[in-house]
Amino acid sequence: MKALSNEMNLQQTVIHQASQALNCCTDQEHGKGSQVEAEAERLLLIATERRSALKVELDRLKGEGPAGQRKGSTPFRAQDDVGVSASKGSVTLQELRLPLKADFVCAAANKPESANFYFFVMIRAGAENTVATPLASMRSGLSGDALSFSTTFTLPEVSSDFEIDVEVYCLVQKRELCPDKRKKTNKSKILWRHMYQVHEACFSAITPKRLLTSITKSGTQTPVVASPGGPNAVRTSNFTLVGSHKLTLASIGKNKFPLEKMNVAGMEIQLLSDMFQYKVPFLCPLEGQVYLRLQCEVGSCVQERGFLTMFEDVSGFGAWHRRWCVLSGYCISYWTYPNDEKCKNPIGRINLANCTSRKVEPASREFCARPNTFELITVRPQREDDRETLVSRCNNTMCVTKNWLSADTKDERNLWMQKLNQILVDLRMWQPDSCYRPL
């Protein structure tokens with residue numbers, strides 16, 4: 001809690017400094033309408049959002065007390081059916097791109113004196129994990145027909161049920177021309193300029209904050225709401241949230257995501273109707289999607305080496321063979337002797353991604369009388385030369401293999417079972433599409 005309070009105070013300092021800088025931007029000579037002003041608006045918004053999230057988390061911890069804090073710090077989600085917790089991992093986001101509408105790109109190229117649009121992306125994963133991209137504008141940040149962000153974000157130590165909010169913010173800066181620099185134009189140019197100015201004015205005016213103000217101005221007064229920047233905040237940022245998307249484990253493997261919904265709730269939803277709730281505003285330069293590359297790595301480093309005795313079919317007869325087994329990654333490889341591991345290919349492998357056992361357990365004494373034996377059921381697509389054996393059978397298009405492995409002692413058996421169950425939980429939680437579902 002002390003660390004959260006210190007971080008809140010730090011963000012409050014940033015809010016105060018950014019507000020002072022913006023108060024100095026009074027005209028074009030003092031930075032009004034410049035990228036420096038936009039950067040100050042960005043820093044103000046980031047600090048405000050961070051402080052707000054930290055305050056919510058601090059209030060939650062205060063309400064729950066010490067017991068709630070210990071409960072909230074539990075690193076894993078328990079797996080009731082296996083009794084093993086899934087390992088944490090890291091999630092990396094990179095190669096962010098925001099495609100723009102073609103008419104806005106052409107207008108920006110043909111009318112350099114027109115309004116400038118600044119964008120940046122904020123990524124949230126809990127109160128203490130909030131990061132943001134640098135600014136990108138339609139004048140200087142275009143890469144083809146999209147705004148590109150080269151920054152890479154890595155969120156370490158996240159659980160498999162992670163949720164990452166990707167939020168896109170926009171700021172419109174109008175450029176004021178001096179009277180002596182204005183040129184006479186013909187009627188067609190006047191009409192085009194008028195239409196474009198109306199287009200810009202609509203986008204800059206229709207924001208949730210301004211729309212709600214205009215709606216409620218003639219009616220009853222809205223209650224006073226404390227500034228999210230804290231009691232000492234002088235300003236709030238002029239950046240507007242134009243779209244967001246929530247990333248989860250199911251997002252792995254995709255690279256295109258819709259910008260769907262703005263953060264509005266309660267009475268605001270009724271007042272704003274569908275204009276800002278479910279998609280990017282119509283007059284926004286964005287097409288309404290965000291492209292990014294999402295990767296995850298499991299933090300599990302389970303390894304084990306030792307002798308196991310394996311049951312095998314030899315010419316139709318069952319036989320137990322002692323093997324040197326190595327558990328590494330998601331595979332059990334085995335050799336005849338320990339020294340063979342360094343100079344020979346393994347005799348065979350058991351791919352744990354093919355395991356359909358819900359949980360690795362001791363083999364039933366009804367079918368296997370050898371002590372300290374555990375069982376692994378694996379499946380794979382059936383091949384033409386497959387045949388029924390003592391350890392495998394063909395079921396429709398799949399070949400099902402029953403693997404019996406016996407340890408020398410009960411403690412060794414339990415250790416192998418524990419590590420195998422850990423790998424199965426990590427596989428099924430982090431890579432559900434790359435492994436078979438348990439039966």
Side-chain angles (χ1 to χ4, degrees), residues 74-88 298-380 389-393 399-431 435-436 438-439:
T74 301
F76 306 118
R77 187 180 70 180
Q79 307 300 306
D80 296 334
D81 55 342
V82 178
V84 178
S85 302
S87 300
K88 284 196 171 183
V298 187
S300 175
C301 298
V302 179
Q303 291 186 346
E304 184 60 29
R305 282 176 169 81
F307 278 107
L308 292 174
T309 305
M310 306 179 65
F311 182 78
E312 298 174 342
D313 182 290
V314 180
S315 301
F317 295 95
W320 291 90
H321 293 146
R322 189 170 176 83
R323 305 297 189 194
W324 175 255
C325 298
V326 176
L327 173 61
S328 180
Y330 302 135
C331 187
I332 301 177
S333 305
Y334 51 93
W335 294 262
T336 304
Y337 303 106
N339 292 336
D340 294 347
E341 178 186 349
K342 299 178 181 179
C343 57
K344 294 183 179 181
N345 293 327
I347 299 173
R349 290 187 177 93
I350 300 176
N351 188 353
L352 297 177
N354 297 337
C355 180
T356 58
S357 302
R358 184 171 297 276
K359 179 181 179 181
V360 180
E361 295 180 309
S364 172
R365 297 300 295 270
E366 180 181 356
F367 301 103
C368 178
R370 189 181 183 93
N372 305 322
T373 301
F374 58 90
E375 181 181 87
L376 273 172
I377 306 296
T378 58
V379 298
R380 59 170 174 79
T389 67
L390 295 176
V391 297
S392 64
R393 57 184 176 84
C399 180
V400 182
T401 302
K402 182 181 295 184
N403 301 276
W404 283 343
L405 300 97
S406 177
D408 293 340
T409 65
K410 183 178 179 180
D411 290 340
E412 289 182 7
R413 181 201 67 183
N414 293 339
L415 180 61
W416 276 94
M417 288 169 47
Q418 176 187 356
K419 294 193 174 185
L420 289 170
N421 282 322
Q422 179 70 66
I423 291 178
L424 291 178
V425 167
D426 292 341
L427 262 174
R428 291 163 183 171
M429 292 297 294
W430 285 96
Q431 303 179 28
C435 59
Y436 287 94
L439 301 177

Tell me whether E361 at atom CD has more than 12 heavy atoms from other residues, nucleotides or ligands lying less than 6.0 Å away.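 Enclosed: over 12 neighbouring heavy atoms sit under 6.0 Å from CD of E361.
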Who pairs with [X] by salt bridge (Lys or Arg N to Asp or Glu O under 4.0 Å), at least two apart in sequence or on another chain?
X: R380; result: D386
X: R393; result: none
X: E412; result: none
X: R323; result: E312

What are the two closest heavy atoms between [X] and [Y], and how far apart are they?
X: G318; Y: L390; result: N-CD1, 3.3 Å
X: S357; Y: L424; result: O-CD1, 4.1 Å
X: T401; Y: S392; result: OG1-CB, 3.8 Å
X: W430; Y: S87; result: NE1-O, 2.9 Å

In Å and rounded to the nearest 0.5 Å, what is the [atom1] to [atom2] distance from [X] to [Y]?
X: I423; Y: Q303; atom1: CD1; atom2: CD; value: 9.0 Å
X: D408; Y: R413; atom1: CG; atom2: CZ; value: 12.5 Å
X: K342; Y: D340; atom1: NZ; atom2: CG; value: 11.5 Å
X: K410; Y: M417; atom1: NZ; atom2: CE; value: 10.0 Å

Selection residues 364-373 - residue pairs positive for salt bridge (Lys or Arg N to Asp or Glu O under 4.0 Å), sequence neighbours left out: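 Sorted pair list comes back empty.
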Selection residues 416-426 - residue pairs positive for salt bridge (Lys or Arg N to Asp or Glu O under 4.0 Å), sequence neighbours left out: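 Non-adjacent pairs meeting salt bridge (Lys or Arg N to Asp or Glu O under 4.0 Å): E304-K419.
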Flag, side chain of T389 to backbone of V391, donor-acceptor distance under 3.5 Å: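 Pair found, side chain donor or acceptor close to backbone of V391.
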Using atom types as modelled and distance alone, determine if a side-chain donor or acceptor of N372 lies under 3.5 Å from a backbone N or O of S406.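 Looks like no, no N/O pair under 3.5 Å.
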Any residue meeting side chain to side chain donor-acceptor pair (under 3.5 Å) with [X], in chain and number order, not counting sequence neighbours:
X: N403; answer: T378
X: W404; answer: E375
X: W416; answer: none
X: K402; answer: none

Less than 4.5 Å apart, any side-chain heavy atom of V302 and any of L327?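 Sidechains of L327 and V302: in contact.
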Quick check: do L376 and L420 have side-chain heavy atoms less than 4.5 Å from each other?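 In short, these two side chains touch, coming nearer than 4.5 Å.
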With a 3.5 Å cut-off and sequence neighbours excluded, list the donor-acceptor pairs that the side chains of residues 345-352 form with protein atoms.
residue, atom, partner, partner atom, Å
R349, NE, S333, OG, 3.4
N351, OD1, A353, N, 3.0

If you look only at pairs with a residue in residues 321-351, which of them pass as a ring-ring contact (aromatic ring centres under 6.0 Å, His included), with sequence neighbours excluded?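 For residues 321-351, and leaving out neighbouring residues, the ring-ring contact (aromatic ring centres under 6.0 Å, His included) pairs sorted by first residue read F307-W324.
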Apply side-chain contact (heavy atoms from CB on, under 4.5 Å) to residues R305 and E341 and explain how you reach the verdict. CA-CA 11 Å; R305 282 176 169 81; E341 178 186 349; 2.8 Å; yes
